Amino acid sequence: MKKSKFYLFIITAALSVQSCTVSLELDKKAKTFNKAAVVTAHPLASKVGVDILKMGGNAIDAAVAVQFALAVVYPNAGNIGGGGFMVYRSSKGEINALDFREKSPEKGHANMYLDKQGNVIEDLSVYGHLSAGVPGSVDGMVEAHKKYGKLDWKTLLNPAIALAEKGFPITKQQAEEFNEYKESFQKYNPSGAPILKTTSWKKGDLFQQQELANTIRRIADQGRDGFYKGITADLIVKEMHKGNGIISYNDLENYKAVWRQPVTGYYRGHKIICMAPPSSGGPALVALLQSVAQYPLGKWGFQSDSAVRVMVEAERRIYADRAKYLGDPDFIRVPVKELTDSIFNSERLKAVNLTKATVSSDVKAAKFPGYESEETTHFNIVDSEGNAVSITTTLNNSYGSRVFVSGAGFILNDEMDDFSVKPGVPNIYGLVGGKANAIEPNKRMLSSMTPTIVEKDGKLFMVVGTPGGSTIMTSVFQTIVNVIDYQQNAQQSVSSPRFHHQWLPDQIDVEKNAITPEVRKSLENAGYKISPRGNIGRVENIIILPNGKLQTGADPRGDDTASGF
Ligand code: GLY
């Protein structure tokens with residue numbers, strides 16, 4: 001079939017399903033604030049951010065306070081023992097990006113998770129002491145505050161110390177999780193952990209963390225030295241010795257967060273500002289938007305057959321590129337310019353036969369000359385001056401390595417699993433990789449985190465991001481499309497059901513109600529495998545309305561809360 005015929009087919013297919021719209025339970029109401037807004041995964045963390053803004057703090061001050069508060073009230077992903085990425089836009093339009101990603105310890109090496117026969121040892125990169133990368137969150141917050149902060153450092157950490165010391169009532173979802181993970185916490189913390197108790201946790205139980213309060217107080221008093229040196233460093237190294245971990249004093253002392261140039265691109269007149277490698281999020285998001293910009297998604301309709309097809313075929317190709325080219329830019333040259341070339345991305349998708357599913361094994365990464373080669377959390381803050389922060393931070397898996405640093409009260413990440421532990425062997429998110437993302441001493445592992453800021457007509461328009469491992473990039477992609485192509489408000493844009501394709505495995509993961517039975521049938525007839533699954537992502541969004549008010553969207557899939565004034 002000629003290209004013009006494919007195009008005609010997909011328009012016809014889209015029109016044919018418009019009468020049977022998906023029964024979306026879209027939340028039509030979005031909380032709107034006059035001056036400033038904070039959207040996080042936990043109501044208490046959102047409150048901390050708002051309190052700091054009301055004290056005269058700016059978006060960075062609030063972000064630092066929220067990062068530490070989340071380490072207390074949202075221990076499955078909020079952290080001081082993990083890492084993350086921040087995208088920043090000042091009210092004057094200056095943009096910047098901070099990489100506080102964990103890195104491999106000096107003793108890390110390509111074969112560290114393989115047995116003598118070269119096979120991957122199950123779970124070794126996912127749970128326990130050896131799965132932990134050198135944490136970056138504390139240095140990241142120190143750097144962000146040093147460059148842009150206004151309020152005193154200690155003031156920003158006090159709310160987290162108080163929440164840890166006095167305790168806070170856990171939510172229903174948290175009680176269920178604490179109980180569900182009990183066995184695993186026992187296994188990796190045989191001498192006990194703050195989250196372990198003899199009886200079951202219930203909604204409303206008070207969770208107090210005195211050791212964590214002491215650790216955050218050391219960081220409040222001594223800055224980065226309160227974590228990377230002295231008592232906290234002693235406790236981390238001692239913990240490593242207990243479980244064959246390899247993080248050393250040197251690793252801790254040498255950790256440095258890095259300011260990076262954000263990756264930018266355009267979509268229907270909007271400027272997309274997002275994270276650079278070692279996150280694949282920015283390049284992938286820009287490439288996805290550039291690929292689909294040639295198609296009238298808005299006219300086709302939300303989650304219509306044609307829209308799903310073009311979005312999925314774009315995702316399939318861009319995840320194949322991710323596996324081959326993306327890694328730590330301090331170790332390999334990542335072809336960001338080539339991967340985010342709008343003509344290349346547009347032509348590549350135009351050449352695809354959209355009448356039937358491409359088979360992923362037939363899709364290879366793009367060829368560029370000279371190259372061989374779920375649980376996270378996100379928060380957004382816009383202050384009353386219009387400074388904006390978009391941060392995604394993680395321990396990787398839910399509750400990371402499951403290892404609490406004894407005496408310091410915090411959980412260590414299991415970020416080493418985000419390396420390609422063996423070429424072609426999938427990680428916990430099913431993502432495969434190769435040489436570009438192989439383990440090397442001091443190298444940062446590849447990420448999918450996609451904290452993003454969008455400008456329209458040179459002004460701040462949207463602040464967005466999500467957790468969700470490999471689904472992060474496609475969730476942010478869909479949220480931007482929901483707002484720009486389907487005119488959904490901030491709340492609808494995050495409540496809407498989502499779908500996801502990541503090249504391998506070759507299937508479209510769909511949330512409940514993400515596509516109608518008719519669209520499903522049409523996709524299956526065209527050769528797509530549909531795989532129903534639970535929640536995809538927990539997106540947070542802030543949209544700046546033409547009247548300057550801040551419209552917020554907090555994902556209803558969790559306890560996520562928007563606050564502001
Ligand atoms: N640990 C999830 C990510 O960085 O993509």
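Being a predicted model, the structure only gives us computed values, none of them experimental. Counting starts at 1 for both ligands and their atoms, following the listed order.
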* Structure fact -> Protein neighbours of ligand 1 with a heavy atom under 4.0 Å, given by chain and number, are R101, N396, E415, D418, S447, S448, M449
* Please say which of V382, V87, V389, I391 ends up in a side chain to side chain contact (heavy atoms under 4.5 Å, CB included) with V463. => V382
* Structure fact -> Hits for ring-ring contact (aromatic ring centres under 6.0 Å, His included) against F419, two or more places apart or cross-chain, chain-then-number order -> none
* Structure fact -> ring pair (Phe, Tyr, Trp, His ring centres under 6.0 Å) with Y399: of F410, Y181, Y188, Y127, only one passes, and it is Y181
* Would you confirm whether D251, through its side chain, and V134, through its main-chain N or O, come within 3.5 Å as a donor-acceptor pair? => no
* How would you list, by chain and number, every residue that makes a side-chain hydrogen bond (donor to acceptor under 3.5 Å, both in side chains) with N380, sequence neighbours excluded? -> H378
* Go through the structure and list residues passing side-chain contact (heavy atoms from CB on, under 4.5 Å) with K172, not counting sequence neighbours. => E176, K203
